[in-house]
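In what follows, a single structure is set out as structure tokens and then discussed.
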Amino acid sequence: MPLTFHLDPPLTPTLHDGILTLWTDVTNAGGAVGFVPPVTREAIRPELLRHLTAMAEGGHRLLLGLDDTGTPAATAFFSFNTHRLMTHWVWLYTVMVHPSHQGKGYGRDLMRAAETAARGFDGIDAIRLSCRGGLGLERFYASCGYKEVGRVPGAIRVAPDDHRDDITMLLPLG
């Protein structure tokens, strides 16, 4: 059954808890969403609160994918630029699909929904994201139409002896 996507859903305590669980589960399954496993919900909570605060201030928007039970199964956060010369593109952050739903095409569905949402944002010409090297994520994003536009070797340290490239991808909307 496909996911149902919602842009800027009302943030209830249940939804907040579901996103926190999603983020924790994705990280602990090896997902590259800002943390390294093992991680607890309490370790992720401050970062989620930063995202939610930015949403309340108008700097972020949430695209949420719900499964057929209404449980958060996928997210992507849009972050708007405040620099006057860069307000024509958005960042896409914390792109994730729950491990139990991976392999079903939901990642592509999420990326299509993100593109559709961004096309509806006034004055936005492109989506930019960054991803952690070493996991093949850049190939996935390329298959969704994104182009690699930058790479900083070894910029991400996931462990003292494990450095990964920080890869920047861009999807023009024109």
Side-chain angles (χ1 to χ4, degrees), residues 2-83 86 89-102 104 106-118 120-121 124 127-135 137 140-141 144 146 155-159 162 164 166-169 171:
L3 299 181
T4 304
F5 291 97
H6 303 274
L7 183 62
D8 303 323
L11 290 173
T12 64
T14 300
L15 186 59
H16 176 270
D17 190 60
I19 295 169
L20 186 58
T21 297
L22 169 65
W23 202 338
T24 304
D25 291 350
V26 168
T27 300
N28 285 329
V33 286
F35 296 89
V36 294
V39 70
T40 65
R41 292 165 48 91
E42 292 313 308
I44 291 175
R45 186 180 308 278
E47 188 62 26
L48 176 57
L49 292 176
R50 279 190 280 282
H51 279 54
L52 299 178
T53 299
M55 286 173 55
E57 295 171 347
H60 282 185
R61 293 183 75 177
L62 169 62
L63 178 64
L64 177 69
L66 298 175
D67 66 15
D68 59 345
T69 68
T71 302
T75 64
F77 286 86
F78 294 96
S79 177
F80 293 88
N81 290 297
T82 57
H83 191 285
M86 296 184 193
W89 57 270
V90 293
W91 281 104
L92 196 61
Y93 284 108
T94 320
V95 177
M96 57 186 165
V97 173
H98 194 276
S100 68
H101 293 297
Q102 291 178 2
K104 300 177 183 178
Y106 292 165
R108 288 187 194 289
D109 293 345
L110 175 61
M111 298 309 291
R112 273 192 297 275
E115 179 180 349
T116 299
F121 299 158
I124 298 301
I127 303 171
R128 196 167 154 182
L129 60 81
S130 67
C131 61
R132 184 186 305 169
L135 300 171
L137 296 171
F140 168 72
Y141 291 122
C144 294
Y146 286 72
I156 300 170
R157 180 183 294 161
V158 296
D162 187 356
R164 308 286 178 89
D166 181 14
I167 304 164
T168 302
M169 309 288 292
L171 178 69

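Bear in mind the structure is a predicted one, so any value in this text is a computation, not a measurement. One-based numbering along the sequence shown.
Pairs passing the salt bridge (Lys or Arg N to Asp or Glu O under 4.0 Å) check and including a residue from residues 16-38, sequence neighbours excluded, read Asp17-Arg41. Applying the salt bridge (Lys or Arg N to Asp or Glu O under 4.0 Å) test to pairs two or more places apart or on separate chains, those with a residue in residues 48-67 are Asp8-Arg61, Glu47-Arg50.
In this view, Ala29 and Pro99 satisfy the side-chain contact (heavy atoms from CB on, under 4.5 Å) rule, not counting sequence neighbours. Residues satisfying the side-chain hydrogen bond (donor to acceptor under 3.5 Å, both in side chains) criterion with Arg132, sequence neighbours excluded, are absent altogether. Not counting sequence neighbours, the partners of Glu115 by the side-chain hydrogen bond (donor to acceptor under 3.5 Å, both in side chains) test are Arg119. Every residue meeting the salt bridge (charged side-chain N to carboxylate O under 4.0 Å, His left out) condition with Arg45, not counting sequence neighbours, appears here in chain and number order: Glu42. Under the side-chain hydrogen bond (donor to acceptor under 3.5 Å, both in side chains) criterion, Ser100 pairs with His98, not counting sequence neighbours. Looking at residues two or more places apart in sequence or on another chain, you find no ring pair (Phe, Tyr, Trp, His ring centres under 6.0 Å) involving Phe140. Checked against salt bridge (charged side-chain N to carboxylate O under 4.0 Å, His left out), Arg164 has the following partners two or more places apart in sequence or in another chain: Asp162. Applying the side-chain contact (heavy atoms from CB on, under 4.5 Å) rule to Ala113 yields the partners Phe5, Leu63; only residues at least two apart in sequence or on another chain are considered. Arg108 is linked by a side-chain hydrogen bond (donor to acceptor under 3.5 Å, both in side chains) to Ser143, counting only residues two or more places apart in sequence or in another chain.
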List, one per line, each side-chain donor-acceptor pair under 3.5 Å for residues 9-16, sequence neighbours excluded.
unit_1, atom_1, unit_2, atom_2, d
Thr12, OG1, Leu15, N, 3.0

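When atom types are taken as modelled, the side chain of Thr75 and the backbone of Thr94 share a donor-acceptor pair closer than 3.5 angstrom. Distance alone, capped at 3.5 Å, places no donor-acceptor pair between the Asp166 side chain and the Ala155 backbone.
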Q: Start with the C-alpha gap between Tyr141 and Leu92, add the side-chain angles, then the distance that decides, and say whether side-chain contact (heavy atoms from CB on, under 4.5 Å) holds.
A: CA-CA 12 Å; Tyr141 291 122; Leu92 196 61; over 6 Å; no
Q: Apply the test side-chain contact (heavy atoms from CB on, under 4.5 Å) to residues Leu137 and Ile167: give CA-CA distance (whole Å), side-chain angles for both, the deciding distance (0.1 Å), then the verdict.
A: CA-CA 9 Å; Leu137 296 171; Ile167 304 164; over 6 Å; no
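When each of Val26, Thr27, Asn28 is paired with Phe35, the side-chain contact (heavy atoms from CB on, under 4.5 Å) condition holds for Thr27 and for no other.
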